[in-house]
Amino acid sequence: MMKGLLTAVVLFAIATGAQAQQKKKALFVIVDGIAADVIEQQPTPNLDRIAKEGGFTRAHVGGEKGGYSQTPTISAVGYNSLLTGTWVNKHNVWDNDIAAPDYNYWTIFRFFKTQYPQKKTAIFSSWLDNRTKLVGEGLPATGGIQLDYHFDGLELDTLQYPHDKKKEYMHRIDEAVVNKAAEYIKQDAPDLSWVYLEYTDDMGHRYGDSPEFHEAIGYMDKQMGRLWDAISYRKKAFKEDWVIYITTDHGRDSATGKGHGGQSNRERSTWIVTNAKKLNNYFKTGNPGIVDIMPSIANFLGVTIPREQLMEVDGVPLSGNISATHPGAKLENGKIKVSWKSTGRKGNAKIWLTTTNQFKEGGRDQYVLKATVPLASETAEIDVTGIPSKFYKIVIETPEHYLNRWIVVK
Ligand SMILES: [Zn+2]
């Protein structure tokens, strides 16, 4: 009896110990240019089996339509919104030239590597610039960040991948990228990795809404299945705790499906598939943005984003408890009316205000606490007659995270 009890206690201790040490690993995937209505209409059995463990939601890119954060629905712009958790008014990547990214808005890779230099990162990509320009590997402005592994740049190898007019070579490159990613995940299980695939967008541009585009989505779904199989293998064989986020960087125009870049509903419409646990109501019904993926991954991996940087992040986590969403701020007659949507959690909202934006130059902003009100009130009013300015930065501090808004007086 006694011996049996002891054994049970020891077994319990081993079991809980193993759980506490379970290694967390995150993979995010961008598959290019697939509007929400398209993904919903095409058969995607592999995305479905991933979503079955977590969820599928419609989402958006493009920032606030007509507002200060309005963001072109263009590829590299969207990728950088995912990487930094901010819209273009901050990260400053306006098109695929990637002329002058503002590296003061850190990527998830930089946050992760700064806190966990010994942990492993990887990029598998059909576009070289993602590593060299967006993540900014080796650049002084990114602190010289280094990834532990990369597989990219195949589009520059015109011997192995001669550039044909129909862009079949991009499908072959995507295949090589996915196969390498699946193999590497199986063997080396990087702690944080990014897979980027391009062919779907190529078919969209060339054929628009068409059998060719839909066929490309079928290929993509099979590719996601191979990544998921690799993850499932690690989960089973090594008892690792994996999260995957799959999304797209923009939708397509309504007329033909060939274009994107503008602010129509269809160009702004995207989606997210994930196996993440405890997805919150904001994920399910809030039409989340691409900027929400970065803080979600950070939370999962135990990345602590320093307060001043977190106050700049435009997204909130898609799983676990959050206090508020949908921040607003309006200046009228010397008063700023701040608003948000409460999720029903207890506690207060603290409203911080500054009239500077030193952060974007690498400096610090001096915030002043202007109000503390219950979250449930969903609004606060700040008198700014004594601090006239053409620019205000407002941060709503909640018990679980921050929301922020700018006011830009034209
Ligand atoms: Zn794109």
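Being a predicted model, the structure only gives us computed values, none of them experimental. In each ligand, atom 1 is the first atom listed, and ligand 1 is the first ligand listed.
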Quiz item: Can you tell me if Asp174 uses its side chain to pair, donor with acceptor, with the backbone of Tyr199 under 3.5 Å?
Solution: yes
Self-check item: Tyr79/Tyr196 aromatic ring centres below 6.0 Å
Solution: yes
Quiz item: If you check every N/O/S atom of Asp249, which is the one nearest the Zn ion (ligand 1)?
Solution: OD2
Quiz prompt | Any donor-acceptor N/O pair, Thr142 side chain to Glu137 backbone, under 3.5 Å | solution = no
Quiz item: Got a sec: is Ser75 within less than 2.8 Å of the Zn ion (ligand 1) via an N/O/S atom?
Solution: yes
Enumerate, atom names and distances included, each donor-acceptor pair closer than 3.5 Å involving a side-chain atom of residues 356-363, sequence neighbours excluded.
residue	atom	partner	partner atom	Å
Thr356	OG1	Thr354	OG1	3.2
Thr356	OG1	Asp365	OD1	2.6
Asn357	OD1	Lys393	NZ	2.7

Self-check item: Closest approach to the Zn ion (ligand 1) by His250, given as the N, O or S atom name
Solution: NE2
Quiz prompt | Qualifying ring pair (Phe, Tyr, Trp, His ring centres under 6.0 Å) pairs, either residue in residues 361-402, two or more places apart | solution = Phe391-Trp406
Quiz prompt | the Zn ion (ligand 1) to nearest N/O/S of His260 less than 2.8 Å | solution = no
Practice problem: Please find out if the Zn ion (ligand 1) and some N, O or S atom of Asp32 are separated by less than 2.8 Å. | Solution: yes
Quiz item: Below 2.8 Å, any N, O or S contact between Asp201 and the Zn ion (ligand 1)?
Solution: no
